[in-house]
There are 2 protein chains.
Amino acid sequence: MNVLLLEDDKSLGATLKSRLEKEGLTAHWVSTIQDAKQLVDEQTFQLIILDVGLPDGSGFAFSKYVRQKTNCPFIFVTAQTSAEDRLQGYELGAVEFIPKPFHLKEFLIRVKNTIQLHGSDEFVMDDLKVNFNTLTVEINGQSSEFNLKEAAVLKMLINLSPKVVSRDQLLDHVWGEDQFPSQRTVDNVIVSLRQKLGSYSVLIHSVRGVGYVFKKN
Amino acid sequence: MNVLLLEDDKSLGATLKSRLEKEGLTAHWVSTIQDAKQLVDEQTFQLIILDVGLPDGSGFAFSKYVRQKTNCPFIFVTAQTSAEDRLQGYELGAVEFIPKPFHLKEFLIRVKNTIQLHGSDEFVMDDLKVNFNTLTVEINGQSSEFNLKEAAVLKMLINLSPKVVSRDQLLDHVWGEDQFPSQRTVDNVIVSLRQKLGSYSVLIHSVRGVGYVFKKN
DNA sequence: AGCTATGTGACAAAACTGTGACACATATAG
DNA sequence: CTATATGTGTCACAGTTTTGTCACATAGCT
């Protein structure tokens, strides 16, 4: 799960990022709306956690930007906690509203609940539907299943699309920085991915000398 | 859906009861812990919404009483909203904590989320009928009984369907975050569930490396 | 003690993974 | 243009990991 954390308090941001990662999530932490916009344009997230009072604008405004681009669920974490603030948050499409200050345990409980309830980890394009939760891919109703590595590789390619992802990046991210399988291993995963993607296999291009790209159309 | 509303503010209580009923729920409204205990002893509820500051005691205390008797989810609605209060609420097993004052719309959004996440205590599909309250399953009239763990696991799978539930999620939710049975334990519960589900056992799929899914057809 | 509910360990079965070999493709130099 | 070097696609095999299942141990209750 790819999580975007937008929080300008350095200490809090660092803490939350580390706790989210302990939960097995991939957390990206930025402290300005500008940086957040850039990340949202570059990657896809399954959850966004954001403050309202930020140095370069209001989290409420940013949440509108997010809504236009994706349907990613988001959680407000803020000291502005009046009934009106909360209602505004929920009406903007928030799925949670956590008032500051809070205890970490409460934060984690509520984030977990949110992920269980709203966290759909899907990629859809035309007749192609990939579900990273059930590790399945459906093409024109025909479905087949991924294994863990395949899913992780495809997810990374899609998340970073249209950037080229090197084999080393894949090995680091998917296999872990302490594992050193041969680079042929990556190719093999690509092979089986392509088989399972059928006619959509052409979306995975190989870039000679570098790695692979997923091109959305 | 049977909902218990424990709120001593007459005006607020009446409003909430009426709004809950507009949502199609059956709402019982009482204003004292004494009355609430009596109702809890007499009936089964699928959701309890309660204030903390009550004329004849603390809602926190009552929530402990509830926990002993049932596993019904409950939501605190209260003006005591410090981080400590909220944490205490969540640690007592609350699934939501709504600070006063609030707008009705926020209240309804959060109640609906809760209901969706925790579901009802009966599940019916074709010839399959599962009752999580009496811990029974009936298939074509043939009935058998679950034990507590089996029921809790099945309920979680069904409530989150079609999402995959990891063994860790199951261990946290069913066994508790402070218990650490082996993951084999989960598999064994799945085995006995499958046995009791007979021909419907195929609905429980395992997702290698992740966990299990319940697929409603 | 007898009973039930629950957790554990062992082992087989199934699925996944990484490797090397080889064919094929693409770049670069001559 | 051809030869050579290098990168990539694909396959089958064997080792590893995960899961299904069973028999048994333990705990708590009556």
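From a predicted model like this one, the values you see are computed outputs, not experimental measurements. Letters A, B, ... are given to chains in the order of the sequence lines, protein chains preceding strands, and every chain is numbered from 1.
Using a 4.0 Å heavy-atom cutoff across all strands shown, A:Val207 reaches sugar-phosphate atoms only and no base atom. Nucleic acid contact for B:Ile190: none, since no nucleic acid atom lies under 4.0 Å from a heavy atom of the residue. Within 4.0 Å (heavy atoms only), B:Glu150 reaches no atom of the nucleic acid at all. Across all strands, B:Gln183 comes closer than 4.0 Å to no nucleic acid atom at all (heavy-atom distances). When heavy atoms are screened at a 4.0 angstrom cut-off, A:Tyr212 is found touching the sugar-phosphate backbone but no base atom. Using a 4.0 Å heavy-atom distance criterion, B:Phe146 is classed as making no nucleic acid contact.
For B:Leu197 and D:dG20, the CG to C1' distance is 16 Å, given to the nearest whole Å. Atom C1' of nucleotide D:dT21 and atom CG of B:Leu193 are separated by 15 Å, given to the nearest angstrom. Going from atom CD of A:Gln195 over to atom P of D:dA12 covers 10 Å, rounded to whole Å. Atoms CD (B:Gln179) and C1' (D:dA27) sit 13 Å apart, rounded to a whole Å. Taking atom NZ of A:Lys196 as the reference point, atom C1' of D:dG9 lies 17 Å away to the nearest angstrom. Distance, A:Ile204 CD1 to D:dG9 C1': 13 Å, rounded to whole Å. Rounded to a whole Å, the CZ atom of A:Arg194 is 7 Å from the P atom of D:dT10. Atom CZ of A:Arg167 is separated from atom C1' of D:dT6 by 12 Å (rounded to the nearest Å).
For A:Thr185, whose side chain is taken as the heavy atoms from C-beta onward, the closest listed nucleotide among C:dT19, C:dG7, D:dT21 is C:dT19. Comparing C:dG9, D:dT8, C:dG7 by their nearest atom to the side chain of B:Lys149 picks out C:dG7. Comparing C:dG18, C:dA25, D:dC22 against the side chain of A:Arg208 picks out C:dA25 as the nearest. Distances were taken from every side-chain heavy atom of A:Pro181 (C-beta onward) to each of C:dA14, C:dG18, D:dT10; the shortest belongs to C:dG18. For B:Ser206, counting side-chain heavy atoms from C-beta on, the closest listed nucleotide (D:dG20, D:dT6, C:dG7) is D:dG20.
Classification of B:Asp121 and B:Lys155 as a salt-bridged pair fails, no side-chain N sitting under 4.0 Å from a carboxylate O.
Side-chain to base pairing of A:Asn147 with C:dT17: no donor and acceptor N or O lie closer than 3.5 Å to each other. Evaluation of atom-type donor-acceptor distances gives no pair under 3.5 Å for the side chain of B:Arg184 against the base of C:dT8. For A:Asp187 and D:dT10, a side-chain-to-base donor-acceptor distance below 3.5 Å is absent, hydrogens and geometry of angles not being considered.
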Next on the checklist: Under the criterion side chain to side chain contact (heavy atoms under 4.5 Å, CB included), I'd like the reasoning laid out for A:Leu171 against A:Phe180: C-alpha separation, chi angles, the key distance, then a yes or no.
Outcome noted: CA-CA 7 Å; A:Leu171 286 173; A:Phe180 305 99; over 6 Å; no

Item to check | ring-ring contact (aromatic ring centres under 6.0 Å, His included) between B:Tyr90 and A:His103, worked out | outcome: CA-CA 11 Å; B:Tyr90 281 114; A:His103 284 288; over 10 Å; no

Item to check | Chi angles and distances behind the salt bridge (charged side-chain N to carboxylate O under 4.0 Å, His left out) call for B:Arg19, B:Glu23 | outcome: CA-CA 6 Å; B:Arg19 295 307 301 260; B:Glu23 294 297 322; 5.1 Å; no

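OP1 or OP2 of C:dT8 sits under 4.0 Å from a side-chain N or O of B:Ser182.
Along DNA chain D, the nucleotide nearest to B:Gly209 and the one nearest to B:Asn188 differ in position, and the one closer to the 5' end is contacted by B:Gly209. Between A:Trp175 and B:Glu145, the one whose closest nucleotide on DNA chain C sits nearer the 5' end is B:Glu145.
Of all heavy-atom pairs between A:Trp175 and A:Pro181, the closest is CD1-CG, 3.6 Å.
Relative ring orientation between B:Phe97 and B:Phe76 is described as tilted, the plane-to-plane angle lying within the 30° to 60° band.
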